[in-house]
Protein chains: 2
Amino acid sequence: MAKSGPAPTINDVARVAGVSKKTVSRVINRSPLLREATRAKVEKVIAELGYTPNPQARALALRRNFLIGLLHDNPNAQTVLNFQEGVLDAIRDTEFALVVRPVDRHSPAMLDDIRNFLEQQRLYGVLILPPISENDDLAALCREMGCGYVRMGSAALDEAEHLVQSNDREMVEGVVDYLVKLGHRRIGLIEGPSGFRSAFERREGFLAAMHRHGLEVPPAALAQGNYRFDSGHRAANELLSAEPRVTAIFASNDEMAAGAYHAARERGVEVPRQLSIVGFDDSPIAAHIWPPMTTVGWPIREMAKAAALKLVAPDSSEALPSSFPARLVTRNSVAEPG
Amino acid sequence: MAKSGPAPTINDVARVAGVSKKTVSRVINRSPLLREATRAKVEKVIAELGYTPNPQARALALRRNFLIGLLHDNPNAQTVLNFQEGVLDAIRDTEFALVVRPVDRHSPAMLDDIRNFLEQQRLYGVLILPPISENDDLAALCREMGCGYVRMGSAALDEAEHLVQSNDREMVEGVVDYLVKLGHRRIGLIEGPSGFRSAFERREGFLAAMHRHGLEVPPAALAQGNYRFDSGHRAANELLSAEPRVTAIFASNDEMAAGAYHAARERGVEVPRQLSIVGFDDSPIAAHIWPPMTTVGWPIREMAKAAALKLVAPDSSEALPSSFPARLVTRNSVAEPG
DNA sequence: TTGTAAGCGTTATCAG
DNA sequence: CTGATAACGCTTACAA
């Protein structure tokens, strides 16, 4: 047990162990060129003294901080927070810490801001959430600054080393299959904002599956949203005012799906008896709205952990998978067509 | 415009400006003992070179990092995220960064974990969210470690310097006043978990106002929850099965209030016609549930900003307020008793 | 008011 | 394999 007072430094360890501080440094950094006996001796002293290397000093010497940055511009709090938890899972009991950096993707200064941030903080690496993860200029900036990075995304945005991805397209195809199997033929889509890769992938999955089933998708079955609640409300109103009315709606995220619930309720359309609704994300709203919503859940926390490990322990086996399967979470917003 | 390549250091500035690096250091640190002319000259060179002090080096020399820690045990995703935004508002364009540290308040090792964290990272200071902000041992630990701290809370937990507080009790009194004015007499309370100061304050506000209005609070009008959705559902079921039935329910947070919505719906009790419901937090669920929920919103982002400023700029006027007023957000979950 | 010298705790270089 | 010695970029004495 180390007694308190000034924390022991590498010099203390070196002195007590009777070696040079460089040798201690080698032990800390797991240098292979060390006699086993020396290593053991030093490690014993380290344990005795309760020594921990000072990250600030290491940061200065290595010109690199032991900080993982999280860059996001996210509309969904739960996603960001789950992601943070996942990153923590990966760096728990390491010297790394997680620094968060919300940014504004609509600001023309975004890239400059991030450049300053990276320049100042000299991060070990950054994790980038959608939608800004889709920005190739940002990835290029990270490369240029010599800052590690991993992008989260719903498509193959980058090399495996820099990417953790979900299979949105495939999942949405599964949603359509599920609805069709129940008997639905007129299915509407509330799209996410153009420019978002996830929105694109989800739309493509929808269209592909409809086509595969030989089902038509008239323009009136397609409505544009922007991933926000209000846009889902508006889009659902469009969808529900066309005749013959759709019997099911897939919304590209839960928030818009919740908006669709409200539109249906205002029109006296009962969910799921007269209208089935499926969302995407499995955010808390899905479980808390009435009736509880069927949606697609993706393992954000595990993905976050994998992403962080790619940065801090690229060789660990857990860092390997780049693609994570989502799953359909069936609740009570889907029924056979009325 | 600085050209790229190795970033300029204090030595470059000193050389170009023809002064010693200590003088540059004085300029950076706004030392008062500097001739104005010298300062101007150095500042000019700093601007020309695009020099930024290296935080790692400063951290080493000062034995203190320019990092603000956020300690929380996820009270609610949106709250945490809004808080993060508020902190960023405060430290934007400074050398500070925000590091997040979710902890588990049920873990017996929590304090030790935090101690290690503080020891390792040598944070400039930490911001502590409820409910762990109520833990006095944690505050003592910060003091002991020489780490600045500010606690968020719903009561006077600490000195103004270390506290940013909301007026939960008063707000809940206001909620009851509002319901009583509409004609409600039998009002139920869904409490938060015992041991949470916020739950206590909200309960006390409720009881005080009921008493002030000369209204009874029979045991059947009090139900215990734990701030989670399911507990709200369960508690509302208890409340709604007692006769005469309550005509209004105040839930200590929105998540439990959403659970109460579900319980009402399952029993065929219509909100707000047969039952008024009021929540607390103004979280996204409140706006997205049907009918949109009347709730109490508190200015979390501004509070976060003030808290962060107390840490990084204790003298700024914005850091001054320690108490922030919440407000009633009226939507459609309240009506006159049926 | 300014400069000099000596750290802060680590890693890199290069010689043994 | 190991150890002096010099960085890393800044701050804090202490002088001048």
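The structure presented is a predicted model; accordingly, all values stated were derived computationally and were not measured. The analysis underlying the following values was restricted to heavy atoms, covering all of them including side chains, and did not include hydrogens, waters or symmetry mates. Lettering follows sequence order; numbering is per chain, from 1.
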- Message: Tell me the closest heavy-atom pair linking Gln165(B) and Leu163(B), and the distance in Å.
- Response: NE2-CD2, 3.8 Å

Between [atom2] on [N] and [atom1] on [X], what's the gap in Å once rounded to a whole number?
X        : N       : atom1 : atom2 : answer
Glu36(B) : dT2(C)  : CD    : P     : 10 Å
Phe66(A) : dG9(C)  : CZ    : P     : 17 Å
Lys41(B) : dT1(C)  : NZ    : C1'   : 12 Å
Asn65(B) : dC10(D) : CG    : P     : 15 Å

- Note on the structure: With the side chain defined as heavy atoms from C-beta on, Leu60(B) is closest, among dT2(C), dG9(D), dT2(D), to dG9(D)

- Between Asp136(B) and Arg143(B), is there a side-chain N and carboxylate O pair less than 4.0 Å apart? no

- Task: Respond yes when some side-chain nitrogen or oxygen of Thr38(B) is under 4.0 Å from OP1 or OP2 of dT2(C), and no when none is.
- Result: yes

- Tell me whether the OP1 or OP2 atom of dG3(C) has a side-chain N or O from Thr23(B) closer than 4.0 Å. yes

- Any residue meeting side chain to side chain contact (heavy atoms under 4.5 Å, CB included) with Arg30(A), in chain and number order, not counting sequence neighbours: none

- The single option from Leu70(B), Leu67(B), Leu71(B) that satisfies side-chain contact (heavy atoms from CB on, under 4.5 Å) with Val99(B) is Leu67(B)

- side-chain contact (heavy atoms from CB on, under 4.5 Å) test vs Val87(A) passes for just one of Asn82(A), Val100(A), Leu127(A), namely Leu127(A)

- Do nucleotides 10-15 of chain C as a string where each nucleotide becomes B, S or -: B if the base has a protein heavy atom under 4.0 Å, S if just the sugar-phosphate does, - if no protein is that close. BBBB--

- Give a yes or no on whether the backbone of Ala326(B) and the side-chain of Asn167(B) come within a donor-acceptor separation of less than 3.5 Å. yes

